[in-house]
Amino acid sequence: MPELPEVETIKLGLQKKIIGLKITKIQILSPKSFQNEKGQPFDYAQGLRGRKVLKVWRRAKILGMDLTRVILSETKDIYSSPSAQNDKGVTLLFHLKMSGQLIYDDGKRFIGGHPTTDMLGKLPNSHTRVIFEFSDNSKLYFNDQRRFGWIKVVKPGEGIPITLGPEPLEKEFTWQILKKNLLKHKNMPVKVAILDQSVVAGVGNIYASEACFNAKLDPRTKVNQLTDKDMKILHRGVLKALRDGIKYGGATRAHFVDSEGKKGYFLDYAKVYWKNGKPCPRDGTEIKKITLGGRGTYLCPNCQS
DNA sequence: CACTTGACCTGTCCGC
DNA sequence: TGCGGACAGGTCAAGT
């Protein structure tokens with residue numbers, strides 16, 4: 001799914017809702033979806049009961065949730081956890097991959113009929129993998145049709161299990177850094193190269209096509225053909241694509257919904273992604289779909305050269 | 001080494 | 001209507 005703007009949208013939604021709430025129960029319907037730091041099923045979910053949500057954050061496409069140190073009197077069974085000694089709190093990492101959703105229900109969400117939530121129907125549903133219950137009886141559902149996504153329980157500050165480059169919305173992401181990282185892949189088409197999370201963290205297939213369009217660059221252009229000017233324009237193009245994505249609440253093709261279950265509208269505003277056959281918004285030429293690095297790629301054959 | 005393909009899963013859509 | 005194949009937002013491992 002979810003690329004950076006979609007995860008950012010979920011983060012902003014959850015920050016308003018679950019900070020300070022205490023977890024009372026976790027139901028794991030799909031053990032594969034709830035893992036320890038080694039990627040094996042995490043068997044001690046009961047040890048998370050009694051913890052409060054301290055912080056919700058995002059790095060690239062990963063959502064993090066820092067939980068308090070356990071309150072011993074409430075959760076004796078934490079001692080069955082290998083990390084029980086010297087408990088400094090716990091962090092949950094969420095990766096939604098292709099089809100994951102995180103939907104918060106505090107009873108106000110109108111399940112099953114809201115114009116923007118019709119697609120969800122009732123929760124839990126057959127794609128619900130994990131359910132968090134909070135002390136105010138609200139719930140957080142982790143749904144994931146394809147089960148590529150995961151929740152990992154790690155120690156606070158423990159490394160994210162993905163090699164990540166600069167965070168594009170932070171100051172560290174300059175055009176010079178982008179150039180340096182892209183040059184790791186001199187002969188790769190530029191669109192494929194910016195999908196590498198160590199080049200720039202958080203760009204996925206939708207925003208990679210959009211970024212190339214914004215920069216008026218043919219996505220097939222090899223990295224070593226790019227001039228410094230191209231690098232600067234591409235840097236701006238990446239930022240514009242991501243910021244527009246956040247502005248429109250993310251992109252929904254099939255699965256993405258925000259933490260209230262609402263779809264994102266970025267695809268209505270996307271310039272090329274999923275627009276094959278439609279006119280280019282710049283010059284009216286028909287948008288083409290091609291395959292690059294095995295992924296669908298969209299471009300205007302006229303103004304992206 | 002650089003790059004591509006396959007695997008992980010489930011669902012949908014399209015052509016025969 | 002049914003069936004096979006292609007394809008779908010991500011990422012890592014294995015293969016070329």
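Treat the numbers as computed from the prediction; the structure is a model and nothing was measured. The chains referred to below are lettered A, B, ... by the order of the sequence lines, with proteins before strands, and numbering in each begins at 1.
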inquiry  = Suppose we screen for salt bridge (charged side-chain N to carboxylate O under 4.0 Å, His left out). Which residues come up paired with A/Lys271, at least two apart in sequence or across chains?
reply    = none

ask   = Below 6.0 angstrom between ring centroids: does that apply to A/Tyr273 and A/Phe266?
value = no

key: Partners passing side-chain hydrogen bond (donor to acceptor under 3.5 Å, both in side chains) against A/Asp43 (at least two apart in sequence or in another chain)   = none

key: side-chain hydrogen bond (donor to acceptor under 3.5 Å, both in side chains) partners for A/Lys180, two or more places apart   = none

N/O contacts under 3.5 Å, protein versus nucleotides 2-4 of chain B?
{"from": "B/dC3", "atom 1": "OP1", "to": "A/Asn187", "atom 2": "N", "distance (Å)": "3.0"}
{"from": "B/dC3", "atom 1": "OP1", "to": "A/Met188", "atom 2": "N", "distance (Å)": "3.1"}

query = Just to confirm, is there a sub-4.0 Å distance from OP1 or OP2 of C/dT11 to any side-chain nitrogen or oxygen of A/His95?
reply = yes

ask   = Quantified in whole Å, what is the P atom distance between nucleotide B/dC9 and nucleotide C/dC3?
value = 24 Å

query = How does DNA chain C look in dot-bracket form if you count Watson-Crick and G-U pairs under 3.5 Å, write [ ] for pairs that cross, and put | where a base pairs with another strand?
reply = .|||||||.|||||||

ask   = To the nearest Å, how far apart are A/Leu164 CG and C/dT11 C1'?
value = 11 Å

inquiry  = In whole Å, I'd like the distance from the CZ atom of A/Phe94 to the P atom of C/dG10.
reply    = 20 Å

Could you list the donor-acceptor pairs under 3.5 angstrom formed between side-chain atoms of residues 232-243 of chain A and any protein atom two or more places apart in sequence or on another chain?
{"from": "A/His235", "atom 1": "NE2", "to": "A/Phe173", "atom 2": "O", "distance (Å)": "2.9"}
{"from": "A/Lys240", "atom 1": "NZ", "to": "A/Asp244", "atom 2": "OD2", "distance (Å)": "2.8"}

inquiry  = If you assign each of A/Ile162 and A/Gly296 to its closest nucleotide in DNA chain C, which residue comes earlier from the 5' end?
reply    = A/Gly296

query = A/Gln101 and A/Val257: which non-hydrogen atoms are nearest, and at how many Å?
reply = NE2-CG2, 3.7 Å

request  = Identify the heavy atoms of A/Val199 and A/Pro166 that sit nearest to each other, and give their distance.
outcome  = O-CD, 3.4 Å

ask   = Under 4.0 angstrom, heavy atoms only, what part of the nucleic acid is A/Gly204 near: base, sugar-phosphate, or nothing?
value = sugar-phosphate

Just distance, no hydrogens or angles: give the donor-acceptor pairs under 3.5 Å from side chains in residues 286-297 of chain A, sequence neighbours left out.
{"from": "A/Thr297", "atom 1": "OG1", "to": "A/Lys191", "atom 2": "NZ", "distance (Å)": "2.8"}
{"from": "A/Thr297", "atom 1": "OG1", "to": "A/Arg295", "atom 2": "O", "distance (Å)": "3.1"}

query = How long is the line joining CD1 of A/Ile62 and C1' of C/dG9, in whole Å?
reply = 15 Å

query = With sequence neighbours excluded, what pairs up with A/Glu8 under the side-chain hydrogen bond (donor to acceptor under 3.5 Å, both in side chains) test?
reply = A/Lys11, A/Arg58

ask   = After noting the C-alpha distance and the side-chain angles of A/Thr221 and A/Asp218, does the key distance pass the side chain to side chain donor-acceptor pair (under 3.5 Å) rule?
value = CA-CA 6 Å; A/Thr221 311; A/Asp218 187 320; 4.7 Å; no

message = Please tell me whether A/Leu183 and A/Ile177 are part of a single hydrophobic cluster in this structure, the criterion being side-chain heavy atoms less than 4.5 Å apart.
response = no

task = Return the orientation label for the A/Phe42 and A/Tyr44 ring planes: parallel under 30°, perpendicular over 60°, tilted otherwise.
result = perpendicular

request  = In whole angstrom, give me the gap between the P atoms of C/dG5 and B/dA7.
outcome  = 15 Å

request  = Would you indicate what A/Tyr207 reaches in the nucleic acid, counting non-hydrogen atoms under 4.0 angstrom: base, sugar-phosphate, or nothing?
outcome  = nothing

key: Separation of atom CH2 in A/Trp150 from atom P in C/dT11, rounded to whole Å   = 9 Å

ask   = In whole angstroms, how far is the P atom of C/dG9 from the CG atom of A/Leu242?
value = 16 Å

query = Which word best sums up how the rings of A/Tyr269 and A/Tyr248 line up, parallel for under 30°, tilted for 30 to 60°, or perpendicular for over 60°?
reply = parallel

ask   = Rounding to a whole Å, what distance do you find between A/Ile290:CD1 and C/dC7:P?
value = 14 Å

query = Below 4.0 angstrom from OP1 or OP2 of C/dG10, is there any side-chain N or O of A/Arg295?
reply = yes

inquiry  = Strictly under 4.0 angstrom, non-hydrogen atoms only: write out the protein contact profile of nucleotides 7-13 of chain B, one letter per nucleotide from the 5' end, B, S or -.
reply    = -BBBS--

query = In chain order, what residues pass the side-chain hydrogen bond (donor to acceptor under 3.5 Å, both in side chains) check against A/Asn181, with sequence neighbours excluded?
reply = none

ask   = Atom CG of A/Asp144 and atom P of C/dG10: how far apart are they, to the nearest Å?
value = 13 Å

Pairwise N/O distances under 3.5 Å, protein to nucleotides 13-16 of chain C:
none

Using distance only, find each side-chain donor-acceptor pair of residues 24-32 of chain A under 3.5 Å and give its atom names and separation, not counting sequence neighbours.
{"from": "A/Thr24", "atom 1": "OG1", "to": "A/Glu133", "atom 2": "O", "distance (Å)": "3.1"}
{"from": "A/Gln27", "atom 1": "NE2", "to": "A/Glu133", "atom 2": "OE2", "distance (Å)": "2.8"}
{"from": "A/Ser30", "atom 1": "OG", "to": "A/Ser33", "atom 2": "OG", "distance (Å)": "2.9"}
{"from": "A/Ser30", "atom 1": "OG", "to": "A/Arg147", "atom 2": "NH1", "distance (Å)": "3.2"}
{"from": "A/Lys32", "atom 1": "NZ", "to": "A/Arg147", "atom 2": "O", "distance (Å)": "3.0"}

Nearest-angstrom distance from the residue atom CD1 of A/Ile206 to C1' of C/dA8 = 10 Å

